[in-house]
Engineer: 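Can you keep this structure in mind? I'll have questions shortly.
For this chain, numbers begin at 1 and follow the sequence in order. Everything numeric here is computed off the predicted structure, so don't read it as measured data. These values consider heavy atoms only, across backbone and side chains, with no hydrogens, waters or symmetry-generated copies.
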Amino acid sequence: MDTLFFVISKLVGFLIRPESWIIAAVALTTLAIAVNRRRLALATGGLTLVFLLTLSILPLGEMLLRPIESEFPVDPPLVHVDGIIVLGGAEDARATAAWGQPQLNEGAERFTAALALARRFPEARVLFTGGSSALRSLIGKSDREATVAARFFATQGLIRDRLILEGRSRNTAENAKLSLKLVNPDPDQTWVLVTSAFHMKRAMRSFANAGWAGLVPYPVDFRTGKVASGIGWNLARNLTVLNTAIKENIGLMAYRFAGK
């Protein structure tokens, strides 16, 4: 059942991406021209142009993402920490495998914030959870996020005995379930959950549903700012943030429906 949910989520994720809509609109426009449907071609081409112009100027994704990122407080007060959970997704496993150095992506704050917490609380254990979210992982041909994490923390001087690696999970629900099974924390322990701010709401819900209570959310990697300062010409960034916003909003609804 978990594998079916994983496959469906990947297929839906492809369909809801704005660039998929743009390609479909361009294909429909081209087809309409080919069959002499001038009105249809003008309608689809015009709507696509308006969408691209609007997206180039307005930070639509930030408008959708800001409420999710504001769900939890920044830098929560911490006195004692027994463990730090780092969710995968901030590593570039493919580039790491190609070049032999740990490579991170735009979510690198997941690693840097966890490392700062580990130095602040030297007795805390660090649990990294992440296998591969790629469909090809179903046939075993995918680089593992945990492999990159192990290399990164080693280069930063984290003692190997403090690091716990969970490398089989493929999504947030499996992060929660497999991490709980691996660590089996005591009820009175304080564990901090580090992940991107836009992903924290879904992550906290998944860990709670898995049975891990009392986690302290530590959001990092914020993707939004003041809307006014985001108005300008930046199609590439606006498209990326819109992708993230749509994916996370759909993910929240899907996880709630599936009880994950």
Side-chain angles (χ1 to χ4, degrees), residues 1-13 68 71-72 76 81-91 93 107 110-111 113-114 117-118 124-150 152-153 162-221 244 247-260:
M1 195 65 180
D2 286 342
T3 297
L4 179 61
F5 181 83
F6 170 68
V7 172
I8 292 175
S9 67
K10 288 299 171 184
L11 295 176
V12 172
I68 302 177
E71 192 79 18
F72 299 95
V81 173
D82 293 289
I84 303 158
I85 305 171
V86 190
L87 294 196
E91 55 291 308
R110 298 189 190 190
F111 281 90
L117 285 171
R125 291 180 292 169
V126 178
L127 165 62
F128 176 87
T129 171
S132 175
S133 60
L135 275 175
R136 60 181 176 273
S137 66
L138 293 175
I139 56 175
K141 295 182 178 180
S142 181
D143 298 311
R144 299 286 166 176
E145 297 169 352
T147 303
V148 183
F152 173 81
F153 285 119
R162 293 181 64 190
L163 183 61
I164 305 168
L165 297 173
E166 183 288 298
R168 294 191 296 120
S169 55
R170 300 167 295 187
N171 54 37
T172 308
E174 292 184 5
N175 287 153
K177 183 169 65 175
L178 295 177
S179 294
L180 180 65
K181 183 178 180 180
L182 182 63
V183 175
N184 191 25
D186 294 332
D188 60 344
Q189 288 185 331
T190 299
W191 283 75
V192 178
L193 180 61
V194 180
T195 190
S196 301
F198 67 83
H199 185 241
M200 184 61 76
K201 184 175 182 178
R202 181 153 55 109
M204 287 293 290
R205 183 186 296 166
S206 288
F207 273 79
N209 287 340
W212 197 322
L215 277 180
V216 178
Y218 198 94
V220 297
D221 179 30
T244 300
K247 176 185 176 182
E248 199 57 37
N249 277 282
I250 296 296
L252 281 166
M253 290 188 289
Y255 270 54
R256 175 176 291 177
F257 178 78
K260 295 181 179 293

Engineer: Please test Phe72 against Leu193 for side chain to side chain contact (heavy atoms under 4.5 Å, CB included), starting from the C-alpha separation and ending with a verdict.
Structural biologist: CA-CA 12 Å; Phe72 299 95; Leu193 180 61; over 6 Å; no
Engineer: Rounded to the nearest 0.5 Å, what separates atom CD1 in Ile250 from atom OH in Tyr255?
Structural biologist: 13.5 Å
Engineer: Considering all heavy atoms of both residues, which atom of Thr172 and which atom of Ala203 are nearest to each other, and what is their separation?
Structural biologist: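 That closest heavy-atom pairing would be CG2-CA, 3.7 Å.
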Engineer: Looking only at non-hydrogen atoms, find the nearest pair between Val183 and Ile164 and report the distance.
Structural biologist: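 Of all heavy-atom pairs spanning Val183 and Ile164, the closest is CG2-CD1, 4.3 Å.
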Engineer: Can you name the nearest heavy-atom pair linking Phe128 to Gly88, along with the distance?
Structural biologist: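 Nearest heavy atoms, Phe128 then Gly88: CZ-CA, 3.5 Å.
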Engineer: Going by side-chain hydrogen bond (donor to acceptor under 3.5 Å, both in side chains), name the residues that satisfy it together with Glu166, two or more places apart in sequence or in a different chain.
Structural biologist: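 Glu166 satisfies side-chain hydrogen bond (donor to acceptor under 3.5 Å, both in side chains) with Thr129, Ser169 once adjacent residues are dropped.
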Engineer: What's the spacing between Leu180 CG and Asn175 CG if we round to 0.5 Å?
Structural biologist: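 Rounded to the nearest 0.5 Å, the CG-CG separation comes out at 12.5 Å.
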Engineer: How long is the span from the CD1 atom in Ile68 to the NE2 atom in His199, to the nearest 0.5 Å?
Structural biologist: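 It is 10.5 Å, given to the nearest 0.5 Å.
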Engineer: By side chain to side chain contact (heavy atoms under 4.5 Å, CB included), which residues pair with Ala113, not counting sequence neighbours?
Structural biologist: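 Applying side chain to side chain contact (heavy atoms under 4.5 Å, CB included) to Ala113 gives Val194, Tyr218, Val220.
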Engineer: Using side-chain hydrogen bond (donor to acceptor under 3.5 Å, both in side chains) as the criterion, list what pairs up with Trp191, not counting sequence neighbours.
Structural biologist: Gln189
Engineer: Can you list the residues that meet the side-chain hydrogen bond (donor to acceptor under 3.5 Å, both in side chains) rule with Ser206, with sequence neighbours excluded?
Structural biologist: none
Engineer: Indicate the atoms forming the closest heavy-atom contact of Val216 with Pro76, along with that distance.
Structural biologist: CG1-CG, 4.0 Å
Engineer: Taking only residues two or more places apart in sequence, or in another chain, which ones meet Asn209 in a side chain to side chain contact (heavy atoms under 4.5 Å, CB included)?
Structural biologist: Arg205
Engineer: The criterion is salt bridge (Lys or Arg N to Asp or Glu O under 4.0 Å); which residues satisfy it with Arg202, sequence neighbours excluded?
Structural biologist: Glu248
Engineer: What residues form a side-chain hydrogen bond (donor to acceptor under 3.5 Å, both in side chains) with Glu71, not counting sequence neighbours?
Structural biologist: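 side-chain hydrogen bond (donor to acceptor under 3.5 Å, both in side chains) check on Glu71 returns nothing, list empty.
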Engineer: Between Asp82 and Pro185, is there a side-chain heavy-atom distance shorter than 4.5 Å?
Structural biologist: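 Sidechains of Asp82 and Pro185: no contact.
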Engineer: Looking at residues at least two apart in the chain, or sitting in another chain, which of them share a ring pair (Phe, Tyr, Trp, His ring centres under 6.0 Å) with Phe153?
Structural biologist: Phe111
Engineer: What is the minimum heavy-atom distance between Arg110 and Ser196, and which atoms define it?
Structural biologist: NE-OG, 2.9 Å
Engineer: Can you tell me how far apart CG (Asp221) and OG1 (Thr244) are? Round to the nearest 0.5 Å.
Structural biologist: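 Interatomic distance, Asp221 CG to Thr244 OG1, rounded to 0.5 Å: 9.0 Å.
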Engineer: For Leu215 and Ile85: C-alpha separation, side-chain torsions, deciding distance, then whether side chain to side chain contact (heavy atoms under 4.5 Å, CB included) applies.
Structural biologist: CA-CA 9 Å; Leu215 277 180; Ile85 305 171; 3.7 Å; yes
Engineer: What pair of heavy atoms forms the shortest contact from Gly167 to Ala146, and how long is it?
Structural biologist: CA-CB, 3.9 Å
Engineer: Sequence neighbours excluded, which residues qualify as side chain to side chain contact (heavy atoms under 4.5 Å, CB included) partners of Ala118?
Structural biologist: Ile84, Val126, Leu158, Arg162
